[in-house]
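Predicted model, so just to flag it, every value in this text is computed and none were measured. For the single chain, residues carry numbers from 1 onward in sequence order.
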Amino acid sequence: MNARTEPSEAEQAATARPPLVRELLLVVGLFLVYKFGRQLVTGHTTEAFRNADRVWDWERALHLPSEGSVQSLLLHGDTLAHLANTYYATVHFPATVAFLVWLYLKRPAHYVWARRVLASLTGAALVLHLVFPLAPPRMLAAAGLVDTAKVYGPSVYGPPQTDTLSNQFAAMPSLHFGWALMVAIGLIVATRSRLRWLWLLHPLVTLTVIVGTANHYWMDAIVAAALLGIALAVIHAPHRTVTTAGRAQEKLVPAESARKSEKKNVLVGAGR
């Protein structure tokens, strides 16, 4: 990480890092509330499949590409499908946690902003899960898609009838995509490296994976992006950067020099 990516001393002094214990309790508490809330719509099977038919029809009406076109890319070999399933199962949560930890340690102001945005996005997602239960495309016969996790492994879900750890009828919005997009945006905003735009590969790969593995529809990602956009519009990111701080210092130095020069001239004139 070069000097351009480091926070200014003024920024570090002005932004106090939130208490660690409080943040751990807050984040864990929000996560547990979300997990518990998702369970409230478990068992709404009929409504979930009815909504799945609606989403499938909406996508065709909007001329969105078929999810099968993405899945066909993953089905050229067992290895690619297995890697996609592994990415889906293992990257989502750890990547988001690592993102928050890094911001907490290195960018306290951006951490508070990112935590608020993610909490708002997750809360909105929970409300939508409750009012719009949705079966994923891998369960929809009309989609004709393969449940890649079941066929190629690894799978994070058991049979929907006996799965008490997760609610498989909460496909919309896709927090896999919403969180991945926020991670990329957060890192782009919080750093100044020329390569920071490569973080967009994370949500791009995530989108390919969630659609290709038939865990989500295109609409799930679109709605997640829309909810994130609303959260970002309401919760503003810190604006102070090293670049602007440096420019401010550059402007102050000549001004300070001018004042010293003027003072010196006055003294010289007085001596005469």
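- Look at Arg60 and Glu67 and you find a salt bridge, because one of the NZ, NE, NH1 or NH2 atoms lies within 4.0 Å of a carboxylate O, short of that distance.
- A side-chain donor from one of Thr122 and Trp179 sits under 3.5 Å from a side-chain acceptor of the other.
- A 4.5 Å side-chain heavy-atom check between Leu128 and Val223 finds at least one atom pair inside the cut-off.
- The shortest side-chain heavy-atom distance between Val205 and Thr208 does not fall under the 4.5 Å cut-off.
- At least one side-chain heavy atom of Trp218 sits under 4.5 Å from a side-chain heavy atom of Leu207.
- Residues His176 and Tyr88 place their aromatic rings such that the two centres sit under 6.0 Å apart.
- A chain of hydrophobic side-chain contacts below 4.5 Å, direct or via other Ile, Leu, Val, Met, Phe, Trp or Tyr residues, connects Phe93 to Ile185.
- Clustering ILVMFWY residues whenever any of their side-chain heavy atoms sit less than 4.5 angstrom apart, transitively, puts Val156 in a cluster other than the one holding Leu145.
- A 4.5 Å side-chain heavy-atom check between Trp102 and Tyr111 finds every atom pair outside the cut-off.
- The line from OG of Ser174 to CG of Leu181 is 10.5 Å long, rounded to the nearest 0.5 Å.
- Side chain to side chain, Asn85 and Thr213 fail the donor-acceptor criterion of an N or O pair below 3.5 Å.
- Contact annotation: the side chain of His110 approaches that of Val189 to within less than 4.5 Å [non-hydrogen atoms, C-beta and beyond].
- A heavy-atom distance below 4.5 Å is found between the side chains of Pro173 and His129.
- Both Leu64 and Ile210 belong to a common hydrophobic cluster when Ile, Leu, Val, Met, Phe, Trp and Tyr are linked at side-chain heavy-atom distances under 4.5 angstrom.
- Ion pairing between Arg115 and Glu23 holds under the 4.0 Å rule for side-chain N and carboxylate O.
- Side-chain contact between Phe99 and Val101: absent, with no pair of heavy atoms (C-beta onward) separated by less than 4.5 Å.
- When side chains are defined from C-beta on, Leu74 does not count as touching Tyr152, because their heavy atoms never get closer than 4.5 Å.
- To the nearest 0.5 Å, atom CH2 of residue Trp58 and atom CG of residue Asp53 are 11.0 Å apart.
- With hydrogens and angles left out, the side-chain atoms of Gln71 and Arg138 include no donor and acceptor closer than 3.5 Å.
- Follow the hydrophobic side-chain contacts under 4.5 Å out from Val91 and you never reach Leu80; the two are in separate clusters.
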